[in-house]
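Working notes, structure below.
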Amino acid sequence: MFSLLGNVAKYLGDPRVRKEAAHLLNQLGLAISMIKDYFNGNYKQLPFQTLVGLIAAVIYFVAPIDAIPDVIPGLGFLDDAGVIALVLASFNDDVTMYREWAEGGDN
């Protein structure tokens with residue numbers, strides 16, 4: 001178990017991995033903003049399938065019960081990150097269109 005945790009820590013220390021993790025967190029923040037803007041009535045171009053997928057991913061991320069318990073140091077958030085990454089990749093075009101809208105391209 002400790003060697004696995006050591007490998008995870010080493011992997012997370014890699015600058016390329018840290019860059020990807022920062023990108024993932026940025027995309028997650030964008031998705032949350034998109035959901036808020038949708039429910040506030042500011043952004044209506046969000047397809048229903050994307051809305052449901054993103055909400056489900058956010059719920060999985062914050063839920064205390066999931067595939068790998070979050071209390072396991074170093075490993076607990078890997079499944080959460082995987083789900084978020086998969087959902088964001090699936091709806092990348094919608095997130096990109098929202099980012100362009102939010103930056104003023106289509107307000």
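Residue numbers run from 1 in the order of the sequence given.
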Residues Asp94 and Met34: closest non-hydrogen pair is O-SD, 3.9 Å

Trp101 to Tyr43 - nearest heavy-atom pair and separation
CD2-CD1, 3.4 Å

So do the side chains of Phe61 and Val83 get within less than 4.5 Å of each other, counting heavy atoms only?
no

Distance check, rounded to the nearest 0.5 Å: Ile35 atom CD1 versus Phe39 atom CZ?
7.5 Å

Do you know the tightest heavy-atom contact between Leu24 and Ala81?
CD2-O, 3.9 Å

Hydrophobic clusters here meaning ILVMFWY residues chained together by side-chain heavy-atom distances under 4.5 Å, can you tell me if Leu25 and Ile32 are in one?
no

Using 0.5 Å steps for rounding, measure from the CD atom of Gln45 to the CG atom of Asp37.
10.5 Å

Under 4.5 Å between side-chain heavy atoms, counting indirect links through other Ile/Leu/Val/Met/Phe/Trp/Tyr residues: same cluster for Leu30 and Val62 or not?
yes

Going hydrophobic residue to hydrophobic residue with side-chain gaps under 4.5 angstrom, can you get from Ile59 over to Val95?
yes

Return the minimal non-hydrogen interatomic distance between Val58 and Ile84, and the atom names on each side.
N-CD1, 4.4 Å

So does Lys36 get a backbone contact from the side chain of Asn40, meaning a donor-acceptor N/O pair under 3.5 Å?
yes

Could you state whether Leu88 and Val52 fall into the same hydrophobic cluster, counting links through intermediate Ile, Leu, Val, Met, Phe, Trp or Tyr residues with side-chain heavy atoms under 4.5 angstrom apart?
no

Nearest-0.5 Å distance, CG of residue Leu28 to CG of residue Leu54
9.0 Å

Do you know the tightest heavy-atom contact between Gly53 and Val87?
O-CG1, 3.6 Å

So, does Thr50 use its side chain to make a donor-acceptor pair with the main chain of Leu46 at under 3.5 Å?
no

Which atom of Asp80 lies closest to which atom of Tyr60, heavy atoms considered
OD1-CE2, 3.3 Å

